[in-house]
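A short worksheet on the structure shown next.
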Amino acid sequence: MTDLAIIGGTGLTRVQKLAIERREVMHTPYGEPSGALTFGELYGRNVAFLPRHGYGHTIPPHMVNYQANLWALKEHGIQRVIAVCAVGGIRADLVPPSIVIPDQIIDYTWSRNHTFFESDLTEVTHIDFTEPYCNEMRAQLLDAAGKAGVEVFAAGTYGASQGPRLETAAEIDRMERDGCHIVGMTGMPEAALARELDLCYAVIAVSANAAAGRHDGTISMEVIDRNLDAGMEKVRSILEQVITTTC
Ligand code: HPA
């Protein structure tokens with residue numbers, strides 16, 4: 001029985017140590033997920049894996065079918081989701097490739113299919129989203145990071161931007177005034193949809209670059225890719241610990 005899924009973001013389109021047992025193409029009432037769900041054994045435990053941007057990393061953040069992705073996982077009996085997200089660091093001390101386990105979200109995205117509760121309703125439904133991430137999973141990730149010797153920021157506010165372009169310096173200034181510590185393009189509506197489906201969902205955020213206006217010059221994909229490579233090593237250590245010890 002597989003009840004744990006990993007959603008991989010930019011930099012994690014496959015999990016090296018995952019011994020793949022099967023792949024399953026899913027169709028949902030919301031359309032196609034980003035790819036087939038991969039099922040296999042990772043560090044001695046059954047897990048499912050789904051790369052958010054597709055196996056070829058071709059689906060941009062605003063085009064990801066977040067509804068289908070989460071629905072497909074739920075349909076397969078998944079109860080807990082660890083999502084890996086690349087982000088820009090807004091706070092000066094979030095030097096790439098820092099890792100953050102965020103505890104809050106501010107949503108700046110627009111025009112995304114962001115809820116399952118909009119048609120065929122028997123009554124209007126408002127989910128509680130005071131604490132947008134599953135605190136039990138967050139605690140497990142923090143504990144695992146400690147055991148793995150990976151330094152992480154134990155909290156932080158994730159500003160979800162629309163993308164696919166990066167932000168302007170003024171947008172980052174505004175996000176900082178709002179209280180955001182990191183900025184990424186995929187954190188929403190993924191977290192809210194997970195909550196609507198009652199999934200225990202938490203994020204490992206990898207800072208790939210200093211956010212716009214927080215460094216000299218432009219932000220290059222080369223820098224992002226280099227930092228993500230280094231960041232994913234830390235992510236793998238955390239995943240190994242969390243899967244072998246606490247999950
Ligand atoms: N902004 C938004 N999303 C990101 C960034 C960024 O600077 N870096 C990686 N994902």
Side-chain angles (χ1 to χ4, degrees), residues 6-14 34 50-54 56-66 69 82-112 114 132-133 150 152-153 155-193 201-236 238:
I6 298 165
I7 298 181
T10 301
L12 194 72
T13 47
R14 69 187 186 93
S34 299
L50 180 64
R52 188 186 288 116
H53 301 282
H57 199 259
T58 51
I59 309 170
H62 65 297
M63 299 294 286
V64 170
N65 190 337
Y66 296 95
N69 287 352
I82 300 172
V84 181
C85 296
V87 297
I90 297 178
R91 243 173 52 178
D93 55 349
L94 288 169
V95 180
S98 295
I99 304 284
V100 184
I101 309 297
D103 64 333
Q104 278 297 329
I105 302 174
I106 299 178
D107 188 8
Y108 302 89
T109 66
W110 42 272
S111 197
R112 298 184 181 190
H114 64 284
Y133 299 109
V150 176
V152 298
F153 289 80
T157 297
Y158 181 115
S161 66
Q162 176 69 0
R165 66 166 176 82
L166 295 163
E167 300 71 33
T168 67
E171 285 169 336
I172 294 297
D173 288 343
R174 179 179 71 146
M175 289 176 125
E176 184 165 43
R177 286 195 300 274
D178 286 352
C180 297
H181 303 112
I182 51 178
V183 55
M185 301 174 191
T186 54
M188 284 293 281
E190 197 171 87
L193 292 167
Y201 171 98
V203 159
I204 305 176
V206 185
S207 103
N209 55 281
R214 295 295 181 273
H215 66 108
D216 294 330
T218 56
I219 302 170
S220 72
M221 278 312 292
E222 193 195 330
V223 167
I224 289 181
D225 289 342
R226 199 174 46 238
N227 286 323
L228 283 180
D229 279 349
M232 287 312 150
E233 287 308 312
K234 300 186 191 185
V235 170
R236 286 190 185 96
I238 296 173

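Computed from a predicted structure; not experimentally measured. Counting convention: from 1, in listed order, for ligands and their atoms alike.
- Applying the 4.0 Å criterion to heavy atoms of V87 picks out, from ligand 1, the atoms 5 (C), 8 (N), 9 (C), 10 (N).
- Enclosure of atom NE2 in H57 by more than 12 non-hydrogen atoms of other residues, nucleotides or ligands within 6.0 angstrom is indicated.
- Residue, atom and distance of the protein heavy atom nearest to atom 1 (N) of ligand 1 are E167 OE1, 2.8 Å.
- Within ligand 1, counting atoms from 1 as listed, the ones closer than 4.0 Å to a heavy atom of L166 are 1 (N), 5 (C), 6 (C), 7 (O).
- Here the side chain of R112 pairs a donor or acceptor atom with the backbone of M188 at under 3.5 angstrom.
- Residue-ligand proximity, M185 to ligand 1, at heavy-atom distances under 4.0 Å covers atoms 2 (C), 3 (N).
- Each of L12, I6, I99 was scored for a side-chain contact (heavy atoms from CB on, under 4.5 Å) with I204, with one residue passing: I99.
- With values rounded to the nearest 0.5 angstrom, T13 atom OG1 is found 11.5 Å from L50 atom CG.
- Nearest non-hydrogen protein atom to atom 10 (N) of ligand 1 is A86 O, 3.4 Å.
- Side-chain atoms of H62 do not come within 3.5 Å of backbone N or O of Q162 as any donor-acceptor pair.
- The main-chain N or O of P97 is found under 3.5 Å from a side-chain atom of K234 such that the two form a donor-acceptor pair.
- Using a 4.0 Å cut-off to heavy atoms of G184, the atoms of ligand 1 that qualify are 2 (C), 3 (N).
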| said: I'd like to know whether Y158 forms a side chain to side chain donor-acceptor pair (under 3.5 Å) with D103, so could you lay out the CA-CA distance, the side-chain angles of the two residues, the decisive distance to 0.1 Å, and finally the verdict. | reply: CA-CA 8 Å; Y158 181 115; D103 64 333; over 6 Å; no
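- For ligand 1 and N209, the ligand atoms under 4.0 Å from any heavy atom of the residue are 5 (C), 6 (C), 7 (O), 8 (N), 9 (C).
- Looking only at protein heavy atoms, the nearest one to atom 4 (C) of ligand 1 is V183 O, 3.7 Å.
- Here the heavy atom of the protein found nearest to atom 5 (C) of ligand 1 is G88 N, 3.4 Å.
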